[in-house]
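Whatever order the structure lists them in is the order used to number ligands and atoms, beginning at 1.
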Amino acid sequence: MPITTTPPVQLARIAELASFGHRLIEVLQTPEGAYPASPTFSAYAGYCWFRDGSFIADGMSAYGDERSATAFFGWCAGVLTSRADHIDWIVDETRAGRPPSGDRMLPARFTYDGQDGTDEWWDFQLDGYGTWLWALVAHAARHGLDLAPWQKAAELTVDYLVCSWARPCYDWWEEHSEHVHVSTLACVSAGLSAAVRAGLITGTRADEAIAASRAIGGVIADRGVRDGHLTKWLDVATVDGSLAAAVAPLGVVDARSPLAAATVDALERQLTVERGVHRYLGDTFYGGGQWPILSCFLGLAHTAAGNAERAAELLDWVASTATPALELPEQVDGHLIAPGMRQEWIDRWGTVATPLLWSHAMLIRLAVELDSARTLDSQPLSEGPTR
Ligand code: BGC
């Protein structure tokens, strides 16, 4: 039986968009396994991000596409193992009390053949390295896969994160490198815990990962919570749309806890206008619009807390942002925080990134989640969707 008596979701439309998104991602995935963030957008073309890619793989995996997600994780492993010496050097230097500068750390994005980019970018971001581990373990559990082929890459990632997690770095939005971001900490913690849980790492390395994950939990509790909710970075009271991910799908904060409830509530009250979620107050990127991926993350958090009805409303809104060609954008301009800034970005980089593969993957991910909660009623989303 469906959870809601009158699901607001337009079932056929969601199924159509999920199927379109799956095909789009499948077609655009490169032979190496990389997922282009947005094939046509000037500033992103040619690059695959660990953050976007991991969530895209998670969506593909949840939709039942084991092959695509496995190929992506293979690409990640290649990127990491081909840099084993460099990662070992970062770890040794850090342990010796000489943490390398941000520009010597691993970048946020790579070319499809796994090289560092040549364009200037806000590259030092730690979240994607936690997220890929978390998504890999979730994928393996979902499809009953042996994790042995990923062990070396996982060990390198864990060593890198265990010695670096406390450092300030750029956030999900590639901004504010002077802060330690709570969403970033959540991604790192989720990755470390997943690697331990799955037995990907053992012995001293696992002990260190457990200790780091506990320490992250302590830092979040002490300095990343204000007024009962998670905060954008340490020691402030503001929030960020990415915080919903700490609740779900990452599961770092128990979805039924007061902390999760207060965080979801703060995101609803401070960043959500009707059903579209802003990144944060003060956002000026393309005028600071509403991001489909963030409505999906909020929907996942609601679903995990048992509020599938609100999640379905959010999913419906995400579907409404599709272009006539069914492509989903990075953000929409129905409600802008800083309308005067929009044109400046259009002049600089062109119109908003569309399609954004991460947007498509998040629609799929939330649709599958609601499908599993049976809110989407009878119509299966794909041949064999699994969570
Ligand atoms: C977003 C990042 C994203 C990148 C590629 C940036 O504008 O802030 O979160 O990884 O685009 O999609």
For ligand 1, note which part of Arg279 has a heavy atom under 4.0 Å away: side chain, backbone, both or neither.
side chain
Work out whether the distance between some heavy atom of Glu330 and some atom of ligand 1 is less than 4.0 Å.
yes
Which value, rounded to the nearest 0.5 Å, describes the distance between Asp123 atom CG and Asp103 atom CG?
9.5 Å
Given Tyr286 and Glu344, is the side-chain contact (heavy atoms from CB on, under 4.5 Å) satisfied, shown in steps?
CA-CA 8 Å; Tyr286 281 86; Glu344 196 173 303; over 6 Å; no
Ligand-residue contact atoms, ligand 1 with Trp358, heavy atoms, under 4.0 Å
9 (O)
Looking only at protein heavy atoms, which one is nearest to atom 10 (O) of ligand 1, and how far off is it?
Asp52 OD1, 2.6 Å
Closest protein heavy atom to atom 2 (C) of ligand 1, given as residue, atom name and distance to 0.1 Å:
Trp172 O, 3.3 Å
Please determine whether ring-ring contact (aromatic ring centres under 6.0 Å, His included) holds for the pair Trp49 and Tyr44, giving the CA-CA distance in whole Å, both sets of side-chain angles, and the decisive distance to 0.1 Å.
CA-CA 9 Å; Trp49 273 252; Tyr44 304 169; 5.3 Å; yes
Atoms of ligand 1 under 4.0 Å from any heavy atom of Arg51, numbered from 1 in the order shown, are 2 (C), 3 (C), 9 (O), 10 (O)
The single option from Tyr280, Trp233, Trp173, Trp172 passing side-chain hydrogen bond (donor to acceptor under 3.5 Å, both in side chains) against Asp240
Trp173
Audit row: His278, His335, ring-ring contact (aromatic ring centres under 6.0 Å, His included) steps and yes/no:
CA-CA 9 Å; His278 289 284; His335 182 272; 5.0 Å; yes
Would you kindly specify which portion of Arg109 sits under 4.0 Å from ligand 1, judged on non-hydrogen atoms: side chain, backbone, both or neither?
neither
Would you tell me which option among Trp49, Tyr286, Trp173 has the nearest heavy-atom contact to atom 8 (O) of ligand 1?
Trp173
Relative to Tyr47, does Arg109 satisfy both conditions: NZ or CZ under 6.0 angstrom from the six-membered ring centre, and within 45 degrees of the ring's axis?
yes
So, 4.0 Å and heavy atoms of Phe285: is ligand 1 close enough to count as a contact?
yes
For atom 6 (C) of ligand 1, which candidate among Trp121, Tyr44, Phe41, Trp349 holds the nearest heavy atom?
Tyr44
Take atom CZ of Arg95 as the centre, draw a 6.0 Å sphere, and report whether it contains more than 12 heavy atoms from other residues, nucleotides or ligands.
yes
Which atoms of ligand 1 are found less than 4.0 Å from any heavy atom of Leu356?
12 (O)
Any chance you could lay out the ring-ring contact (aromatic ring centres under 6.0 Å, His included) test for Phe55 and Phe297, step after step, and finish with the verdict?
CA-CA 11 Å; Phe55 284 120; Phe297 280 111; 5.0 Å; yes
